Amino acid sequence: MLQVNYIRENREKVLERLSVRNFKQPELVDEIIKFDEERRQTQTSLDNLSAIANASAKQVGELMRNGKKEEAELVKAETASNKESIKKLSDELAVVELHLYNALVQLPNLPGEQVPTGSTPEENEVVSLHGEPAQLHEKALPHWELTAKYDIIDFELGTKITGAGFPVYKGKGARLQRALINFFLDRATEAGYKEMQVPLMVNEASGFGTGQLPDKEGQMYHSTVDNLYLIPTAEVPVTNLYRDVILKEDDLPIKNTAYTPCFRREAGSYGAHVRGLNRLHQFDKVELVQVVHPDKSYETLEQMSAYVQSLLQELGLHYRVLRLCGGDMGFVAAMTYDMEVWSAAQQRWLEVSSVSNFEAYQTNRLKLRYKGATGKTQLAHTLNGSALALPRIVAAILENYQTEDGIKIPEVLVKYTGFDKID
RNA sequence: GGAGGGAUGCCUGAGUGGCCGAAAGGAACAGUUUGCUAAACUGUCGUACUGGCAACGGUACCGAGGGUUCGAAUCCCUCUUCCUCCGCCA
C-alpha cells in the first residue's frame with residue numbers, strides 16, 4: 001500500500017510511474033486524493049467537536065465537585081446535540097476511511113527507475129545469460145518421464161491420496177528434496193541469513209500484511225472453521241514477524257531465511273505447461289527475506305540477485321536473469337529479477353526464483369518502521385527472494401543431468417544426498 | 001475440554017468513574033561532574049492523525065471491538081491472548 005501523503009504530494013509522478021506498469025485505472029489516484037481530502041476535513045471537524053465535548057465534560061466534573069449541581073445539569077443538557085454530531089461525524093469518518101482504504105489497496109506499487117515499461121513477459125529485459133545449455137543424448141526425456149522411469153516422484157499416488165499437484169517423492173527422489181533444502185539453508189546461513197522455522201498457517205492479519213488479502217484470496221487454501229490460511233510462500237509468515245514493529249536503525253539489515261512447504265490453489269491452471277513439476281499445489285521452497293534501510297534496498301536487491309545466481313552456478317545450471325517489465329511485475333513489487341533455468345528436455349526456460357524489492361509498499365501496511373538517529377520513525381524497506389524453489393530446480397537437474405544410464409547428481413549435492421547417481 | 005486469574009508506555013509496575021496520556025522504579029539516550037571506570041546530578045524518553053512557516057496546539061489510542069455515562073485505563077458485553085489448576089494427549 002502506497003502512502004497517502006506521497007500520493008497527495010506527488011500526483012504527476014505517481015501517474016507517470018503507474019504508466020510503466022500499463023496500469024488500467026489511473027483515475028484511482030484522483031479518487032484517493034479526493035477521499036483523503038474528505039477524510040482530513042471530516043477528521044478536523046470531528047476533532048474540534050471532540051475538543052468541545054471534552055471541555056464540557058471537564059466543566060461538569062468541576063461543577064459537581066464544587067457542589068454546583070444545577071449548573072452542571074445545564075452544561076449536560078447542552079452536550080446532547082454535540083454528542084449527536086460527533087456520532088454522525090465519526091460514522092462519516094469511518095465510511096470515508098473505508099473508501100480510502102479500498103481505493104488504496106487497489107493501487108499497485110510504483111515501479112523503480114530501472115524498470116522497463118511494458119505489459120507482457122516478452123517485454124522483460126534479459127539482463128544476463130550464464131553457462132551453456134546441456135547437451136543431451138538422443139533419447140533424453142522430459143522430467144515427468146524420468147521420474148516415472150526411476151520411480152522417484154509419483155504423481156498418480158499423490159492424486160489418489162490428495163489430488164493433482166500433490167506429488168509423492170520416493171526413495172532417492174525424497175532424498176534429493178531433503179538434500180536441496182539442506183544445501184540451500186546451509187548456503188543462506190553462510191551468507192548471513194538467520195534460519196527461521198515458522199508456522200505454515202497464518203491468520204487474516206498476516207495475509208493482509210503482505211498483501212495476499214484481500215485481493216488474492218483465491219490463491220490460498222483457507223481453513224474456514226479456524227479462519228486460517230495455508231501459506232503460499234514463507235514470505236508471509238517471515239515478513240509478518242515484523243508486523244507492527246519499530247526497529248532500531250542499528251537492527252537493520254535483518255536477514256532471514258526459512259524453508260517451508262508452499263501451498264497454492266492456482267485455480268484453473270492445467271495444461272501442457274504445468275505438467276509434472278512445473279506447477280504444483282504443494283511444493284518446497286527456501287525463501288530469503290530482508291528488512292533494510294530505505295537507502296540500501298536497491299543495493300540489497302543486487303546482492304540478493306547475485307546470491308541466488310551463485311546457487312545456480314554451483315548447481316551447474318544454464319540460466320538467465322530477467323528484469324521484469326512494469327506490467328509483468330507482481331502487484332506489490334517495485335522491481336523484480338526473475339531467474340530462469342534452461343530445461344533442455346522441454347526446450348524452454350523455467351522460472352526458479354523471483355527476487356523483489358518492495359520498497360515501503362509492504363511495510364506501510366505492516367507498520368514496520370525503524371527509528372533513526374534523529375528519533376524519527378520511518379518505514380523500512382522489505383525484499384524477498386526464492387533461494388530456491390525446489391520443483392523446477394529438480395526438473396532442471398533431472399533433465400539436464402540425465403545420461404543414458406542414469407541421472408548424475410551435481411557435485412555440490414553429493415555430500416547431502418549420499419549418492420551421486422539416480423539409476 | 002472444565003474452573004479460576006491476568007493483559008497498562010522499552011521493562012517492572014501503580015492506578016476501580018473526572019485532578020490520568022497515565023505515578024514510581026529500572027533500562028536507554030544527551031549533558032554536567034570526572035585522570036579512567038563507576039557513581040551522582042540534570043534533562044529527554046510511546047504511536048498515529050490533524051492545524052500551523054514555526055513556536056505551539058487539537059484529537060485518538062491503557063490487548064481488540066462494541067456498549068453505559070456529561071465524562072471510561074477504571075463499569076457492562078463479545079472476541080483474542082497469556083498464566084494457574086484439573087482432564088486429555090504426540
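In what follows, chains are A, B, ... by sequence order, proteins preceding strands, each numbered from 1. All figures in this text were calculated on a predicted structure; none of them were measured in a lab.
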Pairwise 5' ranking along RNA chain B for A/Asp36 and A/Ile52, keeping only the more 5' one:
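That would be A/Asp36.
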Tell me which of A/Ala55 and A/Ala77 sits closer to the 5' end of RNA chain B, going by the nucleotide each one is nearest to.
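Whichever sits nearer the 5' end wins; that is A/Ala55.
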Classify the nucleic acid contact of A/Ser56 as base, sugar-phosphate or nothing, counting any heavy atom under 4.0 Å across all strands shown.
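Here A/Ser56 touches no strand at all.
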When we call it a touch if two heavy atoms are under 4.0 Å apart, what does A/Leu46 touch: a base, just sugar-phosphate, or nothing?
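The residue A/Leu46 makes no contact with any strand.
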Go through [options] for me and flag the one nearest to the [X] side chain.
{"X": "A/Arg39", "options": "B/rG58, B/rC70, B/rC49", "value": "B/rC49"}
{"X": "A/Met64", "options": "B/rG18, B/rU59, B/rG51", "value": "B/rG18"}
{"X": "A/Gln43", "options": "B/rU47, B/rU50, B/rC70", "value": "B/rU50"}
{"X": "A/Thr79", "options": "B/rG67, B/rG58, B/rC70", "value": "B/rC70"}
{"X": "A/Arg8", "options": "B/rU50, B/rU47, B/rG71", "value": "B/rU50"}
{"X": "A/Val60", "options": "B/rU50, B/rC70, B/rG67", "value": "B/rC70"}

4.5 Å side-chain heavy-atom contact, A/Tyr6 and A/Leu110:
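They are in side-chain contact.
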Pick the C1' atom in B/rG13 and in B/rG25, then give their distance to the nearest Å.
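Straight-line distance between the two C1' atoms is 8 Å.
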Rounding to the closest angstrom, what is the interatomic distance between B/rG26 and B/rA39 at atom P?
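It comes out at 12 Å once rounded to the nearest Å.
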Phosphate-side-chain proximity, [X] and [N], N/O vs OP1/OP2 below 4.0 Å:
{"X": "A/Lys83", "N": "B/rG71", "result": "yes"}
{"X": "A/Lys248", "N": "B/rC29", "result": "no"}
{"X": "A/Asn54", "N": "B/rG58", "result": "no"}
{"X": "A/Thr377", "N": "B/rA48", "result": "yes"}

Cationic tip of A/Lys285 above A/Tyr259 ring, under 6.0 Å, 45° of axis:
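Relative to the ring axis of A/Tyr259, which defines the angle, A/Lys285 lies outside at least one limit.
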Cation-pi, A/Tyr401 ring and A/Lys408 (6.0 angstrom, 45 degrees):
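Geometry flag: not set, cation outside 6.0 Å or 45°.
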